[in-house]
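Everything below concerns the one structure shown next.
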Protein chains: 2
Amino acid sequence: MVNLTLKQFRYFDALAVHGHFGRAADVSGISQPALSMQIKELEDSLGSQLFERSARQVRLTAFGEDLAPRVRDILRSVDEVEDLARQSQNTLTGRLRIGVIPTIAPYLLPSFLGHLTHTYPTLDVHVRETQTQTLIEELTHGRLDAAIVALPVSEPTLEEVTIFEEDFVLVRPVADSDAPVPNAADLAKMQLLLLEEGHCFRDQALAFCSLRSSLPRESMDGSSLSTLVQLVGAGIGVTLIPRMAIGVETQSANVAVASFKGAQPKRTIGMVWRKTSPLAEQYREIVSILEQASKTVR
Amino acid sequence: MVNLTLKQFRYFDALAVHGHFGRAADVSGISQPALSMQIKELEDSLGSQLFERSARQVRLTAFGEDLAPRVRDILRSVDEVEDLARQSQNTLTGRLRIGVIPTIAPYLLPSFLGHLTHTYPTLDVHVRETQTQTLIEELTHGRLDAAIVALPVSEPTLEEVTIFEEDFVLVRPVADSDAPVPNAADLAKMQLLLLEEGHCFRDQALAFCSLRSSLPRESMDGSSLSTLVQLVGAGIGVTLIPRMAIGVETQSANVAVASFKGAQPKRTIGMVWRKTSPLAEQYREIVSILEQASKTVR
DNA sequence: ATTAACCATAAGATATACTTATCGTTACAA
DNA sequence: TTGTAACGATAAGTATATCTTATGGTTAAT
């Protein structure tokens, strides 16, 4: 049995409606013999006649009448598929799984997600917050669509785009706030509190002090910037935080914030996605939304 | 935009399931390039990419994932259409509009409809009871599928098939039951009660007596055999009824039934349908059901 | 660095779908 | 009854789709 085709269904529907081969063919934009042949083909495929042809009328058989509503249903569903395609042509729809590192998420996400869901109301955003390494692994394996991390990532399969640059500020006890701001070399000799291993921000801070990340340090590592700032407030040491975190983290603690003189420690925040992703265009739009969002927290 | 095809949907579904062009092509019984091309065609038609191809994996895009269940729905509906066709291959299904003349309907239908719906449980039978002329008109115009009438009908567009032959019996008052049975010539001189104009049975009875149907007769015409028999019971005259009607009509009346001697008055009951109908085969089966049914009332 | 896996592309072959021209039947009118 | 118009089926040729095999290019693993 030859396969049924949507074309046959369309012709069948037209003929069922018009009851006239010539007119149905006209409406379908083909010649009458073409329609006759496709109807015949359909009838052969189904093994039953669909129309009864007499000199004056073309009538649906009982079976044809059974079929007609089903065929219309199918054609309508196909049209819906086309509509859906047209609709989601340029807008992001459906599920978007986005990863964010912990030293960005709490500061950037509130504003970002607001902008994002406003721009793409039909978007179903899933956020995953974990360290860069995990995000990249999940991204390359297709369990995430994009990630917001510190650049560079240097994965050959990933595309990376810069969102903004952000410098780090010193957080020290209020008591020390009148002391001169230490430079990188000074900092290396101070009690510098850092995030635990695996956070890129830890590496970036250490790099500023020209220290090796892998060296074992004192056990005062914290699991979040918030914890670190609280420790600083308790007079245990000093730390660095990204400028974006100032508002959220230093309000409630007894700490002072200071910018460094000269060469600034900083990081580049960007978004990455698989080079193979067909949504590159949309991701770039998301990047510009992120730029907007970042301005509200800087 | 080129048209979508069920073929593309089938390939899309296979690829969505297998996530691998080669295997999906195998399953679909085509070569891998053929599948690649159809998927590309589908993506072009819809204006959006459906799969993300990387070296190791073929993944549905968000849009593709939206699409997949819809496409499966459509394919399932198409399969249902095929099932429906297979199922109604040789059995009569759906609506059957059948006409019956009034001098057959009450006697034959009860048994016939029982057999019919037993044989074709999914058949939705509509019965129309009216005179031959109307039935034939409705039949030729497609408002009926078949009719049970007295033959011949002699409509060139209709096929007619005999079901059985049935003779007519005399109905007279019980008081006359000892008198000899009149012959056709005697009958012409008696007070013969008949159905009103338009009933073929009237014409057949008159033909037996060698009388012209169109001649105006006394106003004692009745609208149903039942009425005629009641009139006979009241001593107003005699009448003819088809043998099939004896059981139903003569039980409750004070009448006697007698068969004619020699040449029997009779009629041929048959079924007719449009020669163009594709259901001729099934109608012949119905005829044999009617033969069965008629035996139970003869 | 080589190989294997895998999807895309190219070129040619085959199958499908369409066109125009024409036939055969039916219904209606002269 | 005969001619005629309407209409669907059929035939023959052409265009278009679709498939095949062969091959290319990219990626990831040995």
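The sequence lines fix the lettering, A, B, ..., with proteins before strands; numbering per chain opens at 1. Quick caveat: nothing in here was measured; it's all calculated off a predicted structure.
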Tell me what Phe51(A) touches on the nucleic acid: a base, only sugar-phosphate, or nothing, going by heavy atoms under 4.0 Å.
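Counting heavy atoms under 4.0 Å across all strands, no contact is made by Phe51(A).
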In terms of side-chain heavy atoms, does Glu285(B) have a donor or acceptor partner in Tyr120(B) at a distance below 3.5 Å?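 On atom types as modelled, these side chains qualify, holding a pair under 3.5 Å.
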- request: Compute whether any side-chain donor of one residue and acceptor of the other, for Thr61(B) and Glu52(B), lie under 3.5 angstrom apart.
  value: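 The answer is no; no qualifying pair exists.
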Could you check how far [atom1] of [X] sits from [atom2] of [N], rounded to whole Å?
| X | N | atom1 | atom2 | result |
| --- | --- | --- | --- | --- |
| Asn3(B) | dA17(D) | CG | P | 10 Å |
| Lys7(B) | dT18(D) | NZ | P | 6 Å |
| Arg10(A) | dA17(C) | CZ | P | 14 Å |
| Phe21(B) | dT9(C) | CZ | C1' | 13 Å |
| Gln32(A) | dT20(C) | CD | P | 12 Å |
| Phe9(A) | dA17(C) | CZ | P | 14 Å |
| Asp26(A) | dC7(D) | CG | P | 12 Å |
| Gln57(A) | dC28(C) | CD | P | 11 Å |

>> Under 4.0 Å from OP1 or OP2 of dC19(D): is there any side-chain N or O of Tyr11(B) that close?
In response: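 It does, given that an N or O in the side chain of Tyr11(B) lies less than 4.0 Å from OP1 or OP2 of dC19(D).
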Margin query: Below the 4.0 Å mark, does dT19(C) have OP1 or OP2 next to a side-chain nitrogen or oxygen of Ser31(A)?
Written below: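 So the side-chain polar atoms of Ser31(A) do come within 4.0 Å of the phosphate oxygens OP1 or OP2 of dT19(C), strictly under.
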Steps toward side-chain contact (heavy atoms from CB on, under 4.5 Å) verdict (Arg284(B), Trp273(B))
CA-CA 10 Å; Arg284(B) 284 176 202 284; Trp273(B) 58 80; 4.1 Å; yes
What distance separates Leu46(A) CG from Leu4(A) CG, expressed to the nearest 0.5 Å?
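Going from the CG atom of Leu46(A) to the CG atom of Leu4(A) covers 5.5 Å.
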Is there a donor-acceptor contact under 3.5 Å from the side chain of Gln38(A) to the main chain of Lys7(A)?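 Not a single qualifying donor-acceptor pair exists.
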*Between dG8(D), dA17(C), dA8(C), which one does the side chain of Arg53(A) approach most closely?*
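Looking only at side-chain atoms, Arg53(A) lies closest to dG8(D).
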- [ ] Please figure out whether Gly29(A) or Gly19(B) has its closest DNA chain C nucleotide nearer the 5' end.
- [x]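 Mapping each residue to its closest nucleotide by heavy atoms, the 5'-most match is Gly19(B).
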| message | Closest-nucleotide mapping onto DNA chain D: is Ile30(B) or Thr157(A) further toward the 5' terminus? I mean the 5' end. | response |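 Mapping each residue to its closest nucleotide by heavy atoms, the 5'-most match is Ile30(B).
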Enumerate the side chain to side chain donor-acceptor pair (under 3.5 Å) contacts for residues 66-78 of chain A, please, sequence neighbours excluded, ordered by first and then second residue.
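Found Asp13(A)-Arg72(A), Asp73(A)-Arg76(A), Arg76(A)-Glu80(A).
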**Prompt:** Is there a residue in residues 33-40 of chain A whose heavy atoms reach under 4.0 Å of DNA chain C, and which residues are they?
**Reply:**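 Here the set is Pro33(A), Ala34(A), Met37(A), Gln38(A).
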key: Carboxylate-amine/guanidinium proximity below 4.0 Å for Glu65(A) and Arg95(B)   =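 Yes, Glu65(A) and Arg95(B) are salt-bridged.
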